[in-house]
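What follows is a single structure, written as structure tokens, with notes after it.
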Amino acid sequence: MQQQTRTRSPLLATFALLFLHSPRLFAQPSPAAVAAFNAYTQTIESRLAQQHRSSTNFLSVDSNPQTLGRLCAGELILEKITPAQAQTSGALLHHWRGTAFAPGATAADFEHLLTNFNAYPVHFSPEVLQANLVSQQGDHLQATMRVRQRHVITVLMDTAYDITSSRLDAHHGYSISRSTRISELDPKTSRVLSTNEEHGFLWRLNTYWSYEERDGGLYLQIESVSLTRAIPTGLGWAIGPYVESIPRESLDFTLRSAVIAIKKGSQ
């Protein structure tokens, strides 16, 4: 296994560099790509709005005892929901969903975690370097973050989000986070890259949290929808699996970190 990792890493690094330096069709997403992303996320938000009207089927999770047993045993269930026609107008859409269970945690524990932005660099380290609450009006928030992701290559970004949270009752709640700005930075100097210098690693990111307190703990579910630069023509066989693995790994990290943080807070 170790030998496979050593031989695969240089090859993966080569593919990543090909993606990094290959011609960029669009420095920013085209209007058609943005429209497709907005239309897709609207369908998700319509579905979630329907789910969140009742405590029955509040989460998109199989309720059979075997699945619930896996969650209660500490397993994270990750699902790829990306549509078959995910590439459009020089962009690629990614949609993943993750579900977990935090024993002993409450809805209030998770709500405190979501709104305590000063603690994000602690709870979501090493990906989140800085997080700040910009404004708040009731359950409507504006926040900024500086994030760093390392997937063979290092990507540094300044991001801003519009966040709305709500509750069905004391045991059921949800949060919608929509990116309003994503700027790529030079990972060595933290200089903001110009439009022509950006690589399109992340153009849009919407995150949807749903949570339900029952069975002696808290079920957490997160859906992540992102828009990135499309895979260059001819490199899909090599770079495709690498590009598609990044949203999954990021979702896994975020969900796992949230579970650990609220379990610590509830002890």
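- Counting heavy atoms from C-beta outward, Arg229 and Phe201 have side chains that stay 4.5 Å or more apart.
- Think of Val192 as one node in a network of Ile, Leu, Val, Met, Phe, Trp and Tyr side chains linked at under 4.5 Å; its network also takes in Leu129, Leu156, Leu185.
- A side-chain donor-acceptor contact under 3.5 Å links Asp162 and Gln142.
- With sequence neighbours excluded, no residue satisfies salt bridge (Lys or Arg N to Asp or Glu O under 4.0 Å) with Arg181.
- Side chain to side chain, Thr195 and Gln28 fail the donor-acceptor criterion of an N or O pair below 3.5 Å.
- Looking at heavy atoms from C-beta onward, Ile222 lies in side-chain contact with Thr254 at the 4.5 angstrom threshold.
- No donor-acceptor pair closer than 3.5 Å links the side chain of Thr154 to the backbone N or O of Pro187.
- One finds the CG atom of Leu113 at 13.5 Å from the NZ atom of Lys263 (value rounded to the nearest 0.5 Å).
- A distance of 8.5 Å separates CG in Leu218 from OH in Tyr211, rounded to the nearest 0.5 Å.
- Between the CD1 atom of Ile246 and the NE2 atom of His94 there is a distance of 8.0 Å, given to the nearest 0.5 Å.
- Hydrophobic clustering of Ile, Leu, Val, Met, Phe, Trp and Tyr side chains at less than 4.5 Å, counting indirect connections, keeps Val122 apart from Ile260.
- The shortest heavy-atom contact between Ala258 and Phe110 is CB-CE1, 4.4 Å.
- Grouped with Val134 in a hydrophobic cluster is no other residue, since no side-chain heavy-atom contact under 4.5 Å to another Ile, Leu, Val, Met, Phe, Trp or Tyr is found.
- Side-chain atoms of Asp109 come within 3.5 Å of backbone N or O of Thr106 as a donor-acceptor pair.
- Cluster membership for Val147 and Phe253, using ILVMFWY side-chain heavy atoms within less than 4.5 angstrom, is shared.
- A pairwise comparison of heavy atoms in Pro29 and Arg204 identifies CG-NH1, 3.9 Å as the closest pair.
- Applying the salt bridge (Lys or Arg N to Asp or Glu O under 4.0 Å) test to residues at least two apart or on different chains, the pairs with a partner in residues 245-254 are Asp252-Arg256.
- Every residue two or more places apart in sequence or in another chain that forms a salt bridge (Lys or Arg N to Asp or Glu O under 4.0 Å) with Arg167 is listed here: Glu111.
- Grouping Ile, Leu, Val, Met, Phe, Trp and Tyr residues whose side-chain heavy atoms lie under 4.5 Å apart, directly or via other members, places Tyr219 in a hydrophobic cluster with Phe58, Leu59, Val61, Leu68, Leu71, Ile77, Phe101, Leu168, Tyr174.
- The shortest distance between side-chain heavy atoms of Leu227 and Leu92 does not fall below 4.5 Å.
- Each of Arg53, Arg47, His52 was evaluated against Gln50; a single residue qualifies, Arg53, per the side chain to side chain donor-acceptor pair (under 3.5 Å) test.
- Residues in residues 185-196 take part in these salt bridge (Lys or Arg N to Asp or Glu O under 4.0 Å) pairs, two or more places apart or across chains: Arg191-Glu197.
- Taking every heavy atom of both residues into account, Thr180 and Tyr161 meet most closely at OG1-N, 3.9 Å.
- When only modelled atom types and interatomic distance are considered, Tyr208 and Glu45 share a side-chain donor-acceptor pair under 3.5 Å.
- Taking CG of Leu202 as the reference point, atom CD1 of Ile182 lies at 4.0 Å (rounded to 0.5 Å).
- Shown here for Ala131 and Pro121, the closest heavy-atom pair between the two residues is N-CG, 4.3 Å.
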Quiz item: Yes or no on side-chain contact (heavy atoms from CB on, under 4.5 Å) for Ser224 and Leu205, after CA distance, side-chain angles and deciding distance?
Solution: CA-CA 7 Å; Ser224 173; Leu205 175 62; 3.5 Å; yes

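- With sequence neighbours excluded, the residues satisfying side-chain contact (heavy atoms from CB on, under 4.5 Å) with Leu133 are Phe117, Gln136, Leu141.
- Annotation for Arg148 and Pro126: closest pair NH2-O, 3.8 Å, computed over non-hydrogen atoms.
- Cluster membership for Trp96 and Val155, using ILVMFWY side-chain heavy atoms within less than 4.5 angstrom, is shared.
- Minimum heavy-atom separation, Thr82 to His95: OG1-N, 2.8 Å.
- Residues that satisfy the side-chain contact (heavy atoms from CB on, under 4.5 Å) test with Ser175, not counting sequence neighbours, are Leu114, Ile163, Ser165, Trp209.
- Hydrophobic clustering (side-chain heavy atoms under 4.5 Å, transitive across Ile, Leu, Val, Met, Phe, Trp, Tyr) keeps Trp203 apart from Val34.
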Exercise. Apply the test side chain to side chain donor-acceptor pair (under 3.5 Å) to residues Thr99 and Gln221: give CA-CA distance (whole Å), side-chain angles for both, the deciding distance (0.1 Å), then the verdict.
Key: CA-CA 4 Å; Thr99 310; Gln221 190 164 82; 2.8 Å; yes

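- For Asp169, the side-chain contact (heavy atoms from CB on, under 4.5 Å) test picks out His171, His172, with sequence neighbours left out.
- Annotation: the span from Arg146 atom CZ to Ser183 atom OG amounts to 10.0 Å, rounded to 0.5 Å.
- Side-chain heavy atoms closer than 4.5 Å link hydrophobic residues (I, L, V, M, F, W, Y) into clusters, and following such links, possibly through other members, connects Phe37 to Ile44.
- Rounded to the nearest 0.5 Å, atoms CD (Gln87) and OG1 (Thr228) are 8.5 Å apart.
- Residue pairs satisfying the salt bridge (Lys or Arg N to Asp or Glu O under 4.0 Å) criterion with at least one member in residues 93-104, sequence neighbours excluded, are listed as follows: Glu79-Arg97, Arg97-Glu223.
- Applying the side chain to side chain donor-acceptor pair (under 3.5 Å) test to residues at least two apart or on different chains, none of the pairs has a partner in residues 115-127.
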